[in-house]
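To start, the structure itself, in structure tokens.
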Amino acid sequence: MDREASERRPRRPNPSRLNPRRPHTGRLHPGGRRPRLPQPRRAQPPGGPAPGRLRGPLAGLRRRYRADRAAPVSSLVHSPHPWASALGMAAVVLLGAWLGLLIVGSVHTPVGPMDTSMTLRPSATGGTKINVSPLGALELDSHVAPIRLDVDVDRLDPVRSQALVENPELISRLQDEISRDVKEGATDLAVRSCVAVVVGATALGLVVFRSPRRALTAGGLALALLAASGAAAYATWNPKSVLEPRYSGLLSSAPSVVGDARSIISEFDVYQKELARLVANVTKLYEATSTLPAYQPDPGTIRVLHVSDVHLNPAAWHIIGSLVEQYEIDVIVDSGDTMDHGAAAENAFLDAIPGLGAPYVWVRGNHDSRVTQEYLAELKNVHVLDEGAAIDIGGLRIAGSGDPRFTPDRSQEDGGDAVERMAGIRFASSLRDQERAGTPVDIAVVHNPLAARETDGTVPLVLAGDIHRRENELLPFGTRLKVEGSTGGGGLRAVEKDEPAKVEASVLYLDRATKRLQAWDEITLGGLGLTSAEVSRHLAEENTPLPTPSPGPSSSPASSGPAPPPGEPSG
């Protein structure tokens, strides 16, 4: 049967598709479907459709609105991005922990003769800061962690201090007492800090999130953060950080707060034990707030003041003279660039050198001319070194070589770095010749660090300048290179930048028997118009521990005994 015949054949109606509410007329639409019957149109009231009855596009909008109202609320609220939620939680944890430490994270505890406050503070570098008001502060690189320990000296107990002064034997017991006090205070501080960060983070989380579960999560994360910081501090704890403190305020004028170099190296072992000596020194400083004690020299220590790049700054002579008197300097070493242009008209600036109070050893810099060198050679108490010449002075043998270049003279090509290296090679050859002759050199002095590097292996210590910043490096063959900053603050160059260049000098401590560098103090003063001062001590680890010193020629038999504790008179 073909397709056309099947399509013409009438189909039987499907009873299931008929409307039960209306009688079936028996007439079907072609294809078997019931035709739609016309519906009578309702009369519209005047003014349009009845209220609540929408047609056309408005009806579609209404249907969508009803569907949205029927949907669950969870499908309408967009959940925050996971990163945004994590950042919000991190901000609440950090801020809440900081607020907790700020409010209740301090512990008041006695440490020896003093009443102190110990506090943990957030920090990018860690460390310990001891505030000794009104004298200043000491900063120690005791650990590396995102927390810093602040110790504030609130009050010096007069009764306990007087007992120490009247009974010096109590100082021996003070060590154990302070160790116990510090341990108890640190334990109490740890407990209070844990409570502080948990309460702070939880309270802030409750305010921000309005959810107890998320608030407790913030408190737990804050506690975990503090525990991780404590673990990092414990892992990086440096008990010998007290050997290299940084001073600020009036303490920068009192190097005796840490004793002499030999006492520090031989006596200071661990941080907890030697905190007793540090407290004893602070006690003595309180007793003499107006007249701080001077540095007590060790008979077995030679003190060398290293200066460089004065650049016609007259203030440098006052600073050098003060350091010579305060530190009882034996020799001043100037690694050049005392002048700016090397002209004869500048020579009068050098007349202040003979009155500085110590022998002055000088080498030529690239801003110093031969005219400058000849003028200095005629001054009293000034020793000019050039072409590898050496001098025995202050218990040391010092050799030096001037810079081969004179850069203010633009008419000649200076040769650059190659000339400096060749000058260093010639100087190193001269140093080897002196060693073969049985007169080894203790300190070599040049101006340019490139020339200084060529002396590696021929001398224990080489000093340089030129670059207006400090550098300290132990070269591959055992020579220590020390480059000094500008003791004149860069001279007139100090006004070329937004911030004035700092005034820098160093005091070197050398053993009189071995002639080796043991430690050095870096003195840094604020530049033009600034009044800041900082002293930091560093140790030459390649020469520690020190041998027992032998009495010097002028030492009495009593002076060969053990060195006194730092801050106490040696005789």
TODO: Answer with yes or no whether the side chains of S506 and E484 bring together a donor and an acceptor at under 3.5 Å.
DONE: yes

Open item on the list: Between T407 and N366 (side chain of the first, backbone of the second, donor and acceptor by atom type, cut-off under 3.5 Å), is there such a pair?
Closed with: yes

TODO: Just jot down the ring pair (Phe, Tyr, Trp, His ring centres under 6.0 Å) partners of W520, sequence neighbours excluded, or say none.
DONE: H538

- [ ] Scan D386, D334, D403 and name whichever one has a salt bridge (Lys or Arg N to Asp or Glu O under 4.0 Å) with R364.
- [x] D386

Task: Closest non-hydrogen atom pair, S335 against V446 - done: CB-O, 3.5 Å

Open item on the list: Out of the candidates I329, L396, D442, only one should pair with V304 under the side chain to side chain contact (heavy atoms under 4.5 Å, CB included) rule; please name it.
Closed with: L396

Task: Polar side chain donor-acceptor pair, T524 to R470, under 3.5 angstrom - done: yes

TODO: Nearest 0.5 Å please: distance from the CH2 atom of W237 over to the NE2 atom of H143.
DONE: 7.0 Å

Task: is_close_aromatic(H311, H367), centroid dist under 6.0 Å - done: yes

TODO: Just jot down the ring pair (Phe, Tyr, Trp, His ring centres under 6.0 Å) partners of F349, sequence neighbours excluded, or say none.
DONE: W317

Open item on the list: Is it the case that over 12 heavy atoms from other parts of the model lie below 6.0 angstrom from the CD atom of E325?
Closed with: no

Open item on the list: If you compare all heavy atoms of P354 against all heavy atoms of L379, which two are closest, and at what distance to 0.1 Å?
Closed with: CG-CB, 4.2 Å

Task: Reported CG-to-CD1 distance for the pair N313 and I319, which is rounded to 0.5 angstrom - done: 7.0 Å

- [ ] Please list, chain by chain and in numerical order, all residues satisfying side-chain hydrogen bond (donor to acceptor under 3.5 Å, both in side chains) with N448, sequence neighbours excluded.
- [x] D466

TODO: Classify the side-chain pair T455/T458 by whether it contains a donor and acceptor separated by less than 3.5 Å.
DONE: no

TODO: Measure the CG-CD1 distance between L525 and I523 for me, rounded to the nearest 0.5 Å.
DONE: 8.0 Å

Task: Distance-only donor-acceptor check, side chains T338 and W362, under 3.5 Å - done: yes

Task: Which atom of P408 lies closest to which atom of D340, heavy atoms considered - done: CG-O, 3.8 Å

Open item on the list: Checking E473 against R480 for the salt bridge (Lys or Arg N to Asp or Glu O under 4.0 Å) test, could you report, in this order, the C-alpha distance in whole Å, the side-chain angles of both residues, the deciding distance, and whether it holds?
Closed with: CA-CA 6 Å; E473 182 181 358; R480 180 172 288 276; over 6 Å; no

